[in-house]
Asker: 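Sharing a structure with you now.
Predicted model, so just to flag it, every value in this text is computed and none were measured. Each chain gets a letter, A, B and so on, in the order its sequence line appears, and its residues count up from 1.
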Number of protein chains: 2
Amino acid sequence: MLKNQRVTDKEDRSPRPVTMETVARLAGVSQVTVSRALNEPDKVSPATLARIRHAIAVTGYVPNLVAGALASKRSKLIAALIPSITNIVYSSLMQHFSQAVRASGYQLLMSETGFSQDEEQELVAKLLTRRPDAVLLTGIRHSDPCRHMLLGAGIPVVEVWDVTETPIDTCVGFSHTEAGKAVAAFVRENGYRRAANVSAGDERALRRKDAFARALIEAGFASVPEVCFEGGASIERGRLALARLVDEQAFRDGVIFCSSDLLAHGVLIEAQARGLRVPEDVAVIGFGDQVFAAHTLPPLTTVRVDRALLGERAASALLARLNGVEVPEKTIDIGFEIVRRATA
Amino acid sequence: MLKNQRVTDKEDRSPRPVTMETVARLAGVSQVTVSRALNEPDKVSPATLARIRHAIAVTGYVPNLVAGALASKRSKLIAALIPSITNIVYSSLMQHFSQAVRASGYQLLMSETGFSQDEEQELVAKLLTRRPDAVLLTGIRHSDPCRHMLLGAGIPVVEVWDVTETPIDTCVGFSHTEAGKAVAAFVRENGYRRAANVSAGDERALRRKDAFARALIEAGFASVPEVCFEGGASIERGRLALARLVDEQAFRDGVIFCSSDLLAHGVLIEAQARGLRVPEDVAVIGFGDQVFAAHTLPPLTTVRVDRALLGERAASALLARLNGVEVPEKTIDIGFEIVRRATA
DNA sequence: TTGAAAGCGCTAACAT
DNA sequence: ATGTTAGCGCTTTCAA
């Protein structure tokens, strides 16, 4: 007998994974019943349910969602592409979005595009390989192959942080052109005669900047000097920007519109280092209304975008489509708001 | 004929997904050959390879990794658990880690624990459901069920940001106790007679704080007042902390050790708002050496931890084990470094 | 170099 | 309330 066993189990030294079948045998039911106990417990009698739960506890069974996803064609995965995970503007959006979709049982597969369309396209290809149930994209500019892949996948897509009449599927955000114009109007209403732009290399930031400058030029400003950086915003770059504006572009006084609060904070610090008074000598307007904006010296005037709302709206747009609900509006504009504090 | 077709395809209105089989038929080969063309192109003749590639382009075939993962028992997925995605300390670690593992074809499934062990445990359960090939955890404190699940999964695990003699599998980080002591030594060497702590509610931060205070008390300091916050660090809380220290704890002068650069920055701002000179009245030491630390006013003295190195080491520890390489050391200490600038 | 067959662990019909 | 059967779209043997 013993010998027989030895012969039987040969090289069988790989630990068999615990599957539904394992649990089923222990509970004295069939494998499907275990599946039901997990997915539709009401359809299983209390007695069997208890036996199955016990068997699960005893075996330490962990459901295999990759098998489940293959069989059901639903992965319960949402792919999300953001430009940069270290940029709080995007990471906090992900935080809210993630929370909202998790409540419906979805997990997030997140990747960074580094603000590159090519990278984004490659990542979309990689991500679709996991058969996500939906996709979140940042911005409305995407390569054609990217759009095609997404369209071909036939899954809900939401583009965030911007609005367009022609989204891939749905989009939720606000108009960056309008934001730039609104800040220009604010600047004029407050009697500034000179203005400058400081901007990071974000396509949307550039559109705000351009709209801002255009509106001011049209209103009679002689020129709107600017300092633009490739890549991300930082306090260091904000300091550098003011230095350049003052030292190289002869910017003496006026208001500076920054494409992010981080840059604005840098401008504030550099102004202080140079003994420039804010807002008397240089006024500063940020963008984003990050948590620290209310606590700089002086408190920062900025443009608020409700990122929590953005995340929730993006999630509910996707969840609605995943639940087969008809969504009337393809485009949701959550707007923005100028928060006046003390720097302008 | 036409009629026949109609009858044949009944209700067949669901678009058949493009599978390897689809590609195979178009290329005139069997399905396995397509699989080989994708995974081991050298084992396929150039001619067939070309036909297959053409067929893939024509059909827009997107490989199904969920099927692949089920069959191969390798998901090419790494699960990562961090306390908070909006904390740059963790998000930048993820950025580096992600880059390193992506180079080997792995994707990241990331979730936030919100500094909670219970949440972490729940997330581990959820994540294991996706059958990741490896797991990254933040810190060395985990619930017992969490450890069990991970051990049971039989996959490589790396714990980051801390070191211990008894990791679940491997760990890479540095000693927070040693960091606290080192800062205390720095404080004494520089002749400070009074010190305080400002800390966020991070278990590791608390250990640094305690080691710092203990070392100073042992060295004869009368007391080390402290302000601790539950939850994350912020500039606002840094400002509030200095206010409390001065207004409520009669902290008149000395050095303040902050558990993060963000808190330190807040202290700096509040000091300025109160007309306190830095470092003459209050000296400040941060933690993390974030990019902005060199650009505050004055530039911030802080403790540098090489997060890029941490991410890379964590990745290579995991990748080595995934490749079946024997890893001699279970624990990697990447150390830290006090960066002296102008605030202390 | 290529193919046939057998699963991976689950869910989706369809019985009973 | 429970079970049977048939896949999901791949990879892994093993043959040819």
Side-chain angles (χ1 to χ4, degrees), chain A residues 10-12 14-52 55-56 59-77 105 128-131 133 153, chain B residues 10-12 14-52 55-56 59-77 105 128-131 133 153:
Chain A
K10 299 180 192 179
E11 318 290 299
D12 221 346
S14 60
R16 286 248 173 303
V18 177
T19 68
M20 278 189 175
E21 190 59 49
T22 320
V23 173
R25 268 197 294 264
L26 218 167
V29 295
S30 78
Q31 175 261 322
V32 279
T33 306
V34 177
S35 175
R36 277 198 199 95
L38 258 26
N39 302 319
E40 323 162 277
D42 332 318
K43 296 192 174 176
V44 175
S45 81
T48 20
L49 201 56
R51 293 208 320 280
I52 289 173
I56 286 176
T59 54
Y61 169 70
V62 178
N64 186 331
L65 236 66
V66 5
L70 179 61
S72 69
K73 294 167 180 294
R74 277 177 288 100
S75 63
K76 282 288 180 177
L77 222 47
L128 288 181
T129 249
R130 304 278 177 190
R131 296 298 189 268
D133 292 338
Chain B
K10 303 179 190 179
E11 318 290 300
D12 222 345
S14 59
R16 284 249 175 301
V18 177
T19 69
M20 279 191 174
E21 190 60 48
T22 321
V23 174
R25 268 198 294 265
L26 217 167
V29 294
S30 79
Q31 174 261 322
V32 278
T33 305
V34 177
S35 175
R36 279 200 198 91
L38 258 25
N39 301 319
E40 324 160 278
D42 331 319
K43 297 194 173 176
V44 175
S45 80
T48 12
L49 201 56
R51 293 208 319 281
I52 289 172
I56 286 175
T59 55
Y61 170 68
V62 177
N64 185 333
L65 236 65
V66 6
L70 179 61
S72 69
K73 295 170 180 293
R74 276 176 287 99
S75 63
K76 283 286 181 179
L77 221 47
L128 288 182
T129 250
R130 304 278 177 191
R131 294 299 188 268
D133 292 338

Asker: Look at the side chain of A/Leu70 and decide which nucleotide, out of D/dT2, D/dG9, D/dT11, has an atom nearest to it.
Answerer: D/dG9

Asker: Identify the 5'-most and 3'-most nucleotides of DNA chain C with at least one atom closer than 4.0 Å to a non-hydrogen atom of chain B.
Answerer: C/dT1 to C/dG9

Asker: Near DNA chain D, which residues from residues 22-38 of chain B have a heavy atom under 4.0 Å away?
Answerer: B/Gln31, B/Val32, B/Ser35

Asker: Can you figure out which of D/dT11, D/dG9, D/dT2 approaches the side chain of A/Thr48 most closely?
Answerer: D/dT2

Asker: What nucleic acid atoms does A/Lys43 come within less than 4.0 Å of, heavy atoms only: base, sugar-phosphate, or nothing?
Answerer: base

Asker: Are any non-hydrogen side-chain atoms of A/Arg16 and A/Thr22 less than 4.5 angstrom apart?
Answerer: no

Asker: Between atom OH of B/Tyr61 and atom CG of B/Leu38, what is the distance when rounded to the nearest 0.5 Å?
Answerer: 6.0 Å

Asker: To the nearest 0.5 angstrom, please state how far the CE atom of B/Met20 sits from the OG1 atom of B/Thr33.
Answerer: 10.5 Å

Asker: Any side-chain heavy-atom pair from A/Val62 and A/Val18 closer than 4.5 angstrom?
Answerer: no

Asker: Check the distance between D/dG9's C1' and B/Tyr61's OH and give it to me in whole angstrom.
Answerer: 8 Å

Asker: Working to the nearest 0.5 angstrom, can you tell me the gap between A/Leu70 CG and B/Leu65 CG?
Answerer: 11.5 Å

Asker: Please determine if a side-chain N or O atom of A/Lys73 lies less than 4.0 Å away from the OP1 or OP2 oxygen of D/dG9.
Answerer: yes

Asker: Could you check whether any side-chain N or O of B/Ser75 sits under 3.5 Å from a backbone N or O of B/Arg131, counting only pairs where one atom can act as donor and the other as acceptor?
Answerer: yes

Asker: Is any side-chain N or O of B/Asn39 closer than 4.0 Å to OP1 or OP2 of D/dT11?
Answerer: yes

Asker: In the structure I gave you, are the side-chain heavy atoms of B/Ile52 and B/Val23 within less than 4.5 Å of one another anywhere?
Answerer: yes

Asker: Within this structure, what is the OG-CZ distance for the pair B/Ser30 and B/Arg25, rounded to the nearest 0.5 Å?
Answerer: 12.0 Å

Asker: So what does B/Arg131 touch, heavy atoms closer than 4.0 Å: a base, only the sugar-phosphate, or nothing?
Answerer: nothing

Asker: Please give, in whole Å, the distance from D/dG3 C1' to A/Glu40 CD?
Answerer: 14 Å

Asker: To the nearest Å, give me how far apart CD (A/Glu21) and P (D/dG3) are.
Answerer: 11 Å

Asker: Given D/dC8, is OP1 or OP2 found less than 4.0 Å from the side-chain N or O atoms of B/Thr19?
Answerer: no

Asker: From A/Lys76 NZ over to B/Thr129 OG1, what is the distance, rounded to the nearest 0.5 angstrom?
Answerer: 12.5 Å

Asker: Quick check: on DNA chain C, is the nucleotide nearest B/Pro46 upstream (toward 5') of the one nearest B/Ser72, or the reverse? Name the residue that is more 5'.
Answerer: B/Pro46

Asker: Taking for each residue the nucleotide of DNA chain C bearing the nearest heavy atom, is the 5' side occupied by A/Arg74 or by A/Ala67?
Answerer: A/Ala67

